Amino acid sequence: MGDLQARIRAFVDERDWSQYHAPRNLLLALVGEVGELVEPFQWRDDEQVTELLADEEGRSAVEAELADVFYYLLRLSDVLDVDLGSALVAKLEQNEHKYPAERARGSSAKYTAYEQ
Ligand SMILES: [Mg+2]
């Protein structure tokens with residue numbers, strides 16, 4: 001994760017783009033890229049999505065948008081000085097407590113259903 005963020009930082013610095021990378025701008029860019037990721041899935045049923053992903057061009061388009069989302073997520077967390085890997089591990093640990101496997105397996109119920 002740190003290596004990817006360092007590579008992005010170098011990419012940004014070489015272009016003097018840090019001046020544009022205020023957290024608000026990065027967040028808006030992230031949301032914009034999520035919207036671009038949504039597009040290929042929009043108005044398609046599961047079968048059509050499967051067909052899309054089996055198509056080389058369609059799959060490449062989805063991969064590119066996932067990468068754009070990941071880019072801005074990594075860049076935003078770097079600018080905010082958030083250790084994204086540690087934050088993810090902490091969140092997983094929280095969710096392991098909220099959703100004990102023995103109670104949550106095979107269920108889509110919200111964690112509050114397991115608290116009683
Ligand atoms: Mg994009």
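Values below: every heavy atom of this structure, side chains too, minus hydrogens, waters and symmetry copies. Remember, it's 1-based here, ligands and their atoms both numbered in the order they're listed. Remember, predicted model here, so these are calculated numbers, not experimental data.
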Self-check item: Shared hydrophobic cluster, Tyr20 / Leu73 (ILVMFWY, side-chain heavy atoms < 4.5 Å)
Solution: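 Per the 4.5 Å side-chain linkage, Tyr20 and Leu73 are co-clustered.
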Self-check item: Exercise: identify the closest heavy-atom pair between Tyr71 and His21
Solution: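 Closest pair (atom of Tyr71, atom of His21, distance): OH-CE1, 4.0 Å.
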Quiz prompt | Pairs touching residues 20-36 that satisfy salt bridge (Lys or Arg N to Asp or Glu O under 4.0 Å), sequence neighbours left out | solution =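 Every candidate salt bridge (Lys or Arg N to Asp or Glu O under 4.0 Å) pair involving residues 20-36 fails, so no pair, neighbours aside, qualifies.
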Practice problem: Please answer whether the main-chain N or O of Phe11 pairs with a side-chain N or O of Glu14 as donor and acceptor at a distance below 3.5 Å. | Solution: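 Looks like no, no N/O pair under 3.5 Å.
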Exercise. Using ring-ring contact (aromatic ring centres under 6.0 Å, His included) as the criterion, list what pairs up with Phe70, not counting sequence neighbours.
Key: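 Phe70: no ring-ring contact (aromatic ring centres under 6.0 Å, His included) contacts found.
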Quiz prompt | Polar protein atoms near the Mg ion (ligand 1) [N, O or S; cut-off under 2.8 Å] | solution =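 Near the Mg ion (ligand 1), below 2.8 Å, one finds Glu33 OE1, Glu36 OE1, Glu65 OE1, Asp68 OD2.
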Practice problem: Using side-chain contact (heavy atoms from CB on, under 4.5 Å) as the criterion, list what pairs up with Val79, not counting sequence neighbours. | Solution: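 Expected list: Pro23, Leu26, Arg75.
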